[in-house]
A.B. asks: 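Before anything else, here's the structure in question.
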Amino acid sequence: IQQAKVLTRYLKALFKSLLRELLCHLTMKNLFFSMVFMVSLIFFLANVSEAAIACGTVDAKAAACVGFATGKAPTPTSACCSGLQQLAQSVKTVDDKKAICRCLKAGAKSLGVQDRFLSKIPSACGIKVGFPVSTATNCETIH
């Protein structure tokens, strides 16, 4: 995620530098090729994916699930289900799914989440996730 932000900043700085250089040395003969290059670069920059969903967002949406996931509450709360449904709706790409998975796994380790409760949350909340919900899930194999 951080690498994507750094790459985006670098490419934007490179684009600005190239644009300044082109404008200083532009001739009519090269105008067409320069414009094609700039338009191509703009489309490339527009398609560079932004950072996936941040762990702070994931943690905030999933916080209400901790009681059930640790075995301290008998059922997931409505706030838990609501937060997870909002997370599910925010998924736009596979990278979003992977990011959410990584964030949840990191939080689960530190909070003492138990798989036997964690695995029940999607069905209890009526959410389809498309992969096994477990602290052992390999987030990088999600598709």
Side-chain angles (χ1 to χ4, degrees), residues 1-26 30-143:
I1 296 172
Q2 192 65 16
Q3 290 173 335
K5 288 181 183 179
V6 170
L7 177 62
T8 301
R9 278 191 231 120
Y10 173 76
L11 289 173
K12 286 179 182 178
L14 177 64
F15 174 72
K16 287 178 184 177
S17 174
L18 287 172
L19 182 60
R20 270 182 284 191
E21 192 67 29
L22 283 172
L23 291 175
C24 290
H25 302 291
L26 195 61
N30 294 327
L31 180 61
F32 175 75
F33 295 108
S34 299
M35 291 303 290
V36 169
F37 173 75
M38 288 189 302
V39 169
S40 299
L41 189 57
I42 289 169
F43 279 113
F44 173 77
L45 289 175
N47 288 323
V48 171
S49 61
E50 290 297 318
I53 298 169
C55 283
T57 301
V58 174
D59 295 345
K61 300 288 185 193
C65 300
V66 173
F68 179 75
T70 56
K72 296 176 182 165
T75 59
T77 64
S78 60
C80 167
C81 292
S82 174
L84 294 181
Q85 287 167 348
Q86 290 171 16
L87 266 181
Q89 291 170 353
S90 69
V91 171
K92 305 290 185 237
T93 66
V94 173
D95 286 338
D96 290 341
K97 283 183 184 181
K98 289 179 180 181
I100 291 170
C101 177
R102 287 188 292 263
C103 294
L104 290 175
K105 279 186 72 168
K109 286 181 184 177
S110 66
L111 296 171
V113 168
Q114 298 177 37
D115 274 338
R116 62 188 171 128
F117 300 115
L118 183 64
S119 64
K120 295 177 184 177
I121 294 175
S123 61
C125 292
I127 300 169
K128 289 182 84 175
V129 292
F131 57 87
V133 176
S134 165
T135 57
T137 298
N138 181 349
C139 298
E140 303 314 312
T141 61
I142 293 173
H143 43 77

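Predicted model, so just to flag it, every value in this text is computed and none were measured. FYI, the numbering just counts along the sequence from 1.
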A.B. asks: Taking only residues two or more places apart in sequence, or in another chain, which ones meet Ser123 in a side chain to side chain donor-acceptor pair (under 3.5 Å)?
C.D. replies: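 If we apply the side chain to side chain donor-acceptor pair (under 3.5 Å) test to Ser123, skipping adjacent residues, there are no hits.
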A.B. asks: Just to verify, what does Gln89 make a side chain to side chain donor-acceptor pair (under 3.5 Å) with, not counting sequence neighbours?
C.D. replies: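 Not a single residue meets the side chain to side chain donor-acceptor pair (under 3.5 Å) criterion with Gln89.
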A.B. asks: Suppose the criterion is ring pair (Phe, Tyr, Trp, His ring centres under 6.0 Å): which pairs have a residue in residues 67-126, not counting sequence neighbours?
C.D. replies: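 Listed once each, the pairs are Phe68-Phe117.
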A.B. asks: Supply the atom-to-atom distance Asp59 CG to Ile100 CD1, rounded to the nearest 0.5 angstrom.
C.D. replies: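 With rounding to 0.5 Å, CG (Asp59) is 11.0 Å from CD1 (Ile100).
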A.B. asks: Which atom pairs, one a donor and one an acceptor, fall under 3.5 Å between side chains of residues 131-138 and the rest of the protein, sequence neighbours left out?
C.D. replies:
unit_1	atom_1	unit_2	atom_2	d
Ser134	OG	Asp115	OD1	3.4
Ser134	OG	Asp115	OD2	3.2
Ser134	OG	Ala136	N	2.9
Thr135	OG1	Asp115	OD1	3.1
Thr135	OG1	Asp115	OD2	3.0
Thr137	OG1	Pro132	O	2.6
Thr137	OG1	Ser134	N	3.3
Thr137	OG1	Ser134	O	3.2
Asn138	OD1	Glu140	N	3.0

A.B. asks: What's the separation between atom CD1 in Ile53 and atom CZ in Arg102, rounded to the nearest 0.5 Å?
C.D. replies: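 Here the interatomic distance stands at 11.0 Å.
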A.B. asks: By side chain to side chain donor-acceptor pair (under 3.5 Å), which residues pair with Gln85, not counting sequence neighbours?
C.D. replies: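 With sequence neighbours excluded, Gln85 shows a side chain to side chain donor-acceptor pair (under 3.5 Å) to no residue whatsoever.
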A.B. asks: For Cys103 and Cys55, is the interatomic SG distance under 2.5 angstrom?
C.D. replies: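 Taking the criterion (SG atoms under 2.5 Å apart), Cys55 and Cys103 satisfy it, so yes.
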A.B. asks: If I take atom CD1 from residue Ile127 and atom SG from residue Cys80, how far apart are they, to the nearest 0.5 angstrom?
C.D. replies: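 SG of Cys80 is found 7.5 Å from CD1 of Ile127.
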A.B. asks: Quick check for you: to the nearest 0.5 Å, what is the distance between Leu87 atom CG and Leu104 atom CG?
C.D. replies: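 The CG atom of Leu87 sits 7.0 Å away from the CG atom of Leu104.
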A.B. asks: Hey, is the main chain of Ala79 close enough, under 3.5 Å, to the side chain of Ser82 for a donor-acceptor pair?
C.D. replies: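 Not a single qualifying donor-acceptor pair exists.
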A.B. asks: Take Lys97 and Cys101 through the test side chain to side chain contact (heavy atoms under 4.5 Å, CB included) and record every step on the way to the result.
C.D. replies: CA-CA 6 Å; Lys97 283 183 184 181; Cys101 177; over 6 Å; no
A.B. asks: Ignoring hydrogens, what is the shortest heavy-atom contact between Leu118 and Pro122? Give both atom names and the distance.
C.D. replies: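 That closest heavy-atom pairing would be O-CD, 3.6 Å.
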A.B. asks: So which pairs with a foot in residues 77-100 pass ring pair (Phe, Tyr, Trp, His ring centres under 6.0 Å), sequence neighbours left out?
C.D. replies: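 For residues 77-100, and leaving out neighbouring residues, there are no ring pair (Phe, Tyr, Trp, His ring centres under 6.0 Å) pairs at all.
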A.B. asks: What pair of heavy atoms forms the shortest contact from Ile121 to Pro76, and how long is it?
C.D. replies: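 Where Ile121 meets Pro76 most closely, the heavy atoms are CG1-CG, 4.4 Å.
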